[in-house]
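Down below is the structure, laid out as structure tokens.
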Amino acid sequence: MRAIPPGRVAGYGEVARRAGLPGRARMVARLLSGNGDRDLPWHRVLRSDGRIAFPPDSPEFAEQSQRLRAEGVRVENGRVRGQAAAATLDEQVWGFGG
DNA sequence: AGTGTGACAATAA
DNA sequence: CTTATTGCCACAC
């Protein structure tokens, strides 16, 4: 998750794969929910469809959206435009899929 | 042992 | 392109 550079976003499933746990996307969510996530770029983690995982009326939603916008990420109606969680983090970080 | 829940994903319409 | 179903894993009751 820390490998995600500012201005980029990744999906829960991708992060799980990076951790060597394919199919454990929900586990990542569980972690962030319980963990103090204060030292993690949790705001760069989105759903696979580029949607923010929080409900639009939730304060967390506003925070994540704001943080993303602060990094230059285009957020519209709770959705990220331009890069909706690529298939692999390599493609996001390195730009050429490994 | 069975049922329900959650910061999800892949597929079908 | 977006919304709706189905499948998934780990945990709590």
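In what follows, chains carry the letters A, B, and so on, assigned in the order in which the sequence lines appear, proteins first and then strands, with residues in each chain numbered from 1.
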Legend entry - Under 4.0 Å protein heavy-atom contact, by nucleotide of nucleotides 7-13 of chain B - B base, S sugar-phosphate only: BBSS---

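A donor-acceptor pair under 3.5 Å is formed between the side chain of Arg24(A) and the backbone N or O of Pro22(A).
The CZ atom of Arg79(A) sits 13.0 Å away from atom OG of Ser65(A), with the distance rounded to the nearest 0.5 Å. Atom CZ of Arg67(A) and atom NE2 of His43(A) lie 6.0 Å apart (nearest 0.5 Å).
For Gly11(A) against Val45(A), the heavy-atom pair with the smallest separation is C-CG1, 4.3 Å. Shown here for Tyr12(A) and Leu46(A), the closest heavy-atom pair between the two residues is CD1-O, 3.0 Å.
For Arg44(A) and Glu71(A), the salt-bridge test passes: some basic side-chain N is under 4.0 Å from an acidic carboxylate O.
Residue contacts for Arg79(A): at a heavy-atom cut-off of 4.0 Å it reaches the sugar-phosphate backbone alone, with no base atom in range.
Nucleotide dT2(C) holds its P atom 10 Å from the CD atom of Glu76(A), rounded to whole Å. Rounded to a whole Å, the CG atom of Leu31(A) is 13 Å from the C1' atom of dG6(B).
dG7(C) sits 22 Å from dA7(B) when the P atoms are compared, rounded to a whole Å.
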